[in-house]
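Below, read A as the first sequence line, B as the second, and so on, with proteins coming before strands; counting in each chain starts at 1. In this text the structure is predicted, and so the values were computed from the model without any measurement.
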Protein chains: 2
Amino acid sequence: MADDHIQAEAPVEGDYELDNVTFSPVLAAVRSGNSAALASALGPLHPADIADLLEQVDQPTRRALVALSGREFDGEILTELDEGLRQEVVGTLPPEVFADAVRDLETDDVVDLIEDLGAPQQAAALGALGDADRVAVQQSLTYPAESAGRLMQREMAVAPAHWNVGQAIDYLRKNNDLPEQFYHIILVDPRMRPVAYVTLGRLMGSPRKVPLVDIVEDSFRTIPARQDEAEAAYAFNQYHLISAPVVDDGGRLVGVITIDDAVAILEEEHEEDILRLAGVGEGRLSDRVLATTKRRMPWLAVNLVTSILASLVIAQFAQTIAQFVALAVLMPIVASMGGNAGTQSLTVAVRSMATKDLTSANVWRVIRREALVGLINGMVFAAVMGIVGVVWFGMPLLGVVIAAAMVINLFIAGLAGVIIPVVLDKMDIDPALASGAFVTTVTDIVGFFAFLGLASLVLL
Amino acid sequence: MADDHIQAEAPVEGDYELDNVTFSPVLAAVRSGNSAALASALGPLHPADIADLLEQVDQPTRRALVALSGREFDGEILTELDEGLRQEVVGTLPPEVFADAVRDLETDDVVDLIEDLGAPQQAAALGALGDADRVAVQQSLTYPAESAGRLMQREMAVAPAHWNVGQAIDYLRKNNDLPEQFYHIILVDPRMRPVAYVTLGRLMGSPRKVPLVDIVEDSFRTIPARQDEAEAAYAFNQYHLISAPVVDDGGRLVGVITIDDAVAILEEEHEEDILRLAGVGEGRLSDRVLATTKRRMPWLAVNLVTSILASLVIAQFAQTIAQFVALAVLMPIVASMGGNAGTQSLTVAVRSMATKDLTSANVWRVIRREALVGLINGMVFAAVMGIVGVVWFGMPLLGVVIAAAMVINLFIAGLAGVIIPVVLDKMDIDPALASGAFVTTVTDIVGFFAFLGLASLVLL
């Protein structure tokens with residue numbers, strides 16, 4: 001870093017982590033069944049922190065805490081909670097507390113909450129809402145799951161595109177129906193199609209006579225309601241949006257997405273990528289033992305099948321191994337190095353596809369790069385292992401065999417690490433699902449075949 | 001999903017991905033050296049997309065494109081560019097174009113840009129700035145690298161806490177020195193310590209006589225300037241902040257961080273986690289072959305050492321393998337299943353620590369859960385492999401041995417997958433650095449030792 005000479009000290013790690021100091025009074029209140037003490041212990045906590053707390057305690061404590069909160073239970077906690085726990089906690093709430101909680105939420109949060117609930121709880125939530133909000137929620141639910149239409153809120157500030165600053169300010173100051181938080185005024189044409197937006201700051205800083213169209217922001221772009229929510233979130237990140245109007249198929253304004261929703265989706269996408277790459281799929285820390293076991297089992301089953309395939313390769317060379325046990329000792333090294341190099345390439349490729357940095361424009365250059373990187377690292381570690389093979393077992397030919405197998409396997413690892421996720425993506429399969437399974441199958445099979453095959457040819 | 005019956009179709013995948021349709025006119029203009037065509041091809045693109053384009057083309061094209069842009073080169077492109085490419089592109093820019101580019105940026109973007117540049121380029125950038133901006137940038141640089149102080153901007157809207165709505169509106173409408181985008185007015189006490197903030201929307205919607213302190217937001221929280229930027233970004237995500245005031249050690253207001261900066265940091269942190277888990281460390285898609293090779297080599301070297309350790313375990317049982325070659329065929333299966341299960345536990349643990357969902361409050365419950373999950377999955381796959389062992393090799397005792405080794409290894413994998421990152425974190429080492437290396441070393445060694453050791457006892 002060019003600035004190392006400027007700084008003397010490292011930045012301070014904060015402590016947003018919930019610790020026992022935060023937990024103790026809450027847990028003590030729950031244990032003693034003291035609702036006043038619970039209310040005062042939860043009082044200073046943000047709903048997001050209370051949700052984290054509920055996720056981190058065990059189920060009996062969670063139920064006791066929710067029951068003891070009674071009518072004090074804040075609806076925002078539900079929207080902050082892991083999806084896996086929402087149904088459980090909602091089931092614990094008395095109906096009137098749940099109804100109060102739902103009424104406190106913005107419509108986009110209601111949609112996010114009830115789409116994961118069962119039908120009776122959905123109906124209870126919709127019944128708690130006023131007519132206008134209920135219609136808004138039901139309309140959002142007509143859009144596909146995980147689409148921008150599910151993510152948007154209906155509350156927004158809108159003005160005709162022909163107004164000037166004074167008209168907009170007067171309108172905003174008279175209107176009692178504005179959203180709780182908004183950052184832009186959306187300008188629409190007479191057919192309710194959004195054409196631009198103006199930030200509140202710019203509006204405040206401009207003379208009354210200035211037409212709104214003269215102070216619009218460059219960053220304006222609309223999001224189709226049917227667009228995948230992950231794509232919409234990508235646009236927020238890529239173009240530094242704070243809010244964006246959502247339009248229906250006819251280009252008419254139907255809602256607005258704000259950045260806090262986009263950030264939540266970005267987080268979910270990351271979670272999905274990192275867990276899929278590790279062969280975990282979904283799963284929350286709050287899931288219980290059996291649910292977790294079941295969820296991980298299919299991935300382990302795939303791994304079992306692929307590792308049996310690798311074993312079948314080894315079985316072909318049983319005779320050779322029986323003669324040279326050194327082969328059995330060394331063969332896992334070749335496979336392990338290939339698996340590692342393949343995982344490196346795979347992860348870089350999957351991550352680059354998620355950030356749209358790996359595209360049809362540079363895919364061939366990246367494949368060539370990964371193959372070359374594999375080849376060069378293969379040659380380096382071939383030299384090292386060749387020497388280890390000779391020194392350890394005193395067989396120069398064995399050194400040559402392991403070196404050659406290492407070069408072949410790391411070269412193939414680099415290729416497979418990019419090509420497999422790229423091909424999956426072309427087939428509209430999430431490339432992160434390639435995970436360990438595919439790539440390490442390739443590197444195990446290639447590694448064992450190259451090493452044992454060469455050994456059979458050279459040593460026998 | 002409870003709503004599967006409501007939705008009929010999947011959401012639409014957008015196409016923010018840069019494709020050849022976007023690229024072709026740009027590349028054609030660069031090839032023909034036609035600067036007017038280049039300007040019109042780049043015109044509709046967002047600086048973030050132009051930066052992506054520069055990252056995806058090869059180096060000669062990148063240099064030609066920058067040279068051909070001349071004075072049209074937009075300073076924002078530099079802030080959007082991969083850190084690894086900034087120095088190269090800045091080096092290509094004529095000094096007066098670079099000076100123009102720097103002058104166009106907000107001070108937080110200038111800090112972000114120049115902290116990665118060499119001393120001469122830093123000096124050129126600082127020289128291009130006006131006195132006020134230069135002082136602001138230099139002050140930011142006195143904070144530690146990767147601290148909130150480096151991330152904040154100096155431009156902000158501030159009002160005394162005793163003002164009312166009318167005074168604030170009049171002040172904003174007269175002030176020409178406001179930031180380009182702002183969402184809150186920060187209220188300060190007479191010693192410039194921030195005490196609350198008011199959203200512009202709430203300000204607009206309130207009567208002139210209302211005191212500002214009556215319409216402040218609950219979400220208010222300050223960020224210490226020396227706080228780690230990742231912690232500050234976590235606070236934005238956890239508490240849904242849009243902007244937050246930054247304070248010095250005395251609690252005085254020194255700047256403001258906005259959510260777009262926080263989102264960029266969150267993305268960087270994810271990138272770091274996913275790449276470290278895969279043993280890649282850092283690295284960009286735009287890095288060249290030798291840089292990439294060198295960066296991955298240390299991780300492969302660690303893997304070589306650990307896989308040699310595993311081989312030493314195998315070597316202890318060379319006699320047994322020579323008698324029963326089936327052991328060599330089956331042993332990679334035990335190791336591979338353990339590695340897979342360990343990676344599952346590891347990834348869940350590392351991810352949960354990044355989101356602060358795994359804390360001292362629930363760590364023992366999570367360790368117990370992972371061990372149990374490992375044990376149960378171990379028993380399931382032990383049964384499967386026991387049968388495979390018997391059927392394949394016709395040796396019931398071999399089936400018993402592989403089944404027992406499988407249970408032991410998956411149980412240890414679950415334990416090691418959580419305990420290793422937790423211990424690393426306690427030692428102030430990034431738990432993502434545990435990566436494959438540590439955990440698969442444990443599962444390889446335990447797997448080979450359990451399988452071959454039991455085989456020696458039972459079969460010989």
Side-chain angles (χ1 to χ4, degrees), chain A residues 2-3 6-7 9 11-14 17 23 48 56 115 118 141 144-147 172 182-183 200-201 204-205 226-228 231 238 240 260 270 274 278 280 285 289 292-293 296 303 307 311 314-315 318 321-322 325 328-329 333 336 340 343-344 347 352 356-357 359 361-362 369 372-373 376, chain B residues 2-3 6-7 9 11-14 17 23 48 56 115 118 141 144-147 172 178 182-183 200-201 204 226-228 231 238 240 260 270 274 278 280 285 289 292-293 296 303 307 311 314-315 318 321-322 325 328-329 333 336 340 343-344 347 352 356-357 359 361-362 369 372-373 376:
Chain A
D3 58 358
I6 299 177
Q7 58 148 132
E9 36 192 334
V12 181
E13 298 271 342
E17 182 174 307
F23 272 64
Q56 287 175 35
E115 62 184 2
L141 288 174
E146 309 200 336
S147 70
L172 290 179
F182 67 104
Y183 316 103
L200 288 184
M204 297 289 278
R226 296 190 178 282
Q227 189 174 66
D228 188 288
E231 289 290 316
Q238 173 80 347
H240 312 300
D260 51 322
H270 288 301
I274 204 167
V280 187
L285 212 60
V289 170
T292 308
T293 307
R296 295 201 192 153
N303 187 63
S307 59
S311 288
I314 301 174
I321 293 173
V325 180
V329 174
I333 298 177
S336 165
N340 231 279
T343 304
Q344 289 180 334
T347 305
S352 304
K356 299 188 197 291
D357 290 326
T359 67
N362 61 347
R369 186 190 76 159
L372 274 175
V373 169
I376 299 174
Chain B
D3 56 359
I6 299 177
Q7 57 148 129
E9 35 190 341
V12 181
E13 297 270 342
E17 183 174 303
F23 272 64
Q56 288 175 33
E115 60 185 3
L141 288 174
E146 309 199 337
S147 69
L172 291 179
L178 294 174
F182 66 105
Y183 316 102
L200 288 183
M204 298 287 282
R226 297 191 178 282
Q227 188 173 67
D228 189 288
E231 289 289 316
Q238 173 81 346
H240 312 299
D260 52 319
H270 288 302
I274 205 168
V280 186
L285 211 61
V289 170
T292 308
T293 308
R296 294 200 193 155
N303 187 64
S307 59
S311 289
I314 301 174
I321 293 172
V325 179
V329 174
I333 299 177
S336 166
N340 232 277
T343 304
Q344 289 179 333
T347 305
S352 304
K356 299 190 199 292
D357 290 327
T359 67
N362 62 346
R369 185 190 77 160
L372 274 174
V373 168
I376 299 173

| request: Take the angle between the ring planes of B:H270 and A:H270 and call it parallel below 30°, perpendicular above 60°, tilted in between. | output: parallel

| message | I'd like to know whether B:E115 forms a side chain to side chain contact (heavy atoms under 4.5 Å, CB included) with B:E146, so could you lay out the CA-CA distance, the side-chain angles of the two residues, the decisive distance to 0.1 Å, and finally the verdict. | response | CA-CA 10 Å; B:E115 60 185 3; B:E146 309 199 337; over 6 Å; no

Find the one option among [options] whose heavy-atom pairs under 4.5 Å with chain A are most numerous.
options	result
B:L172, B:T347, B:I274	B:I274
B:S311, B:A328, B:A318, B:G201	B:S311
B:I333, B:L372, B:D260	B:I333
B:T292, B:N303, B:L178, B:D357	B:N303

| task | For A:N362, enumerate each residue passing the side chain to side chain contact (heavy atoms under 4.5 Å, CB included) test, keeping only those at least two apart in sequence or located in another chain. | result | A:L358, A:T359, A:R365, A:V366, B:Q56, B:L285

| said: Could you check whether any side-chain heavy atom of B:F182 comes within less than 4.5 Å of a side-chain heavy atom of B:L200, counting everything from C-beta outward? | reply: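 Yes. Closest side-chain heavy atoms under 4.5 Å.
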
| message | Check A:R226 with A:E231, please: is the shortest side-chain N to carboxylate O separation under 4.0 Å? | response |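 No salt bridge links A:E231 with A:R226.
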
| task | Pick one of side chain, backbone, both or neither for B:V325, based on which atoms fall under 4.5 Å of a heavy atom in chain A. | result | side chain

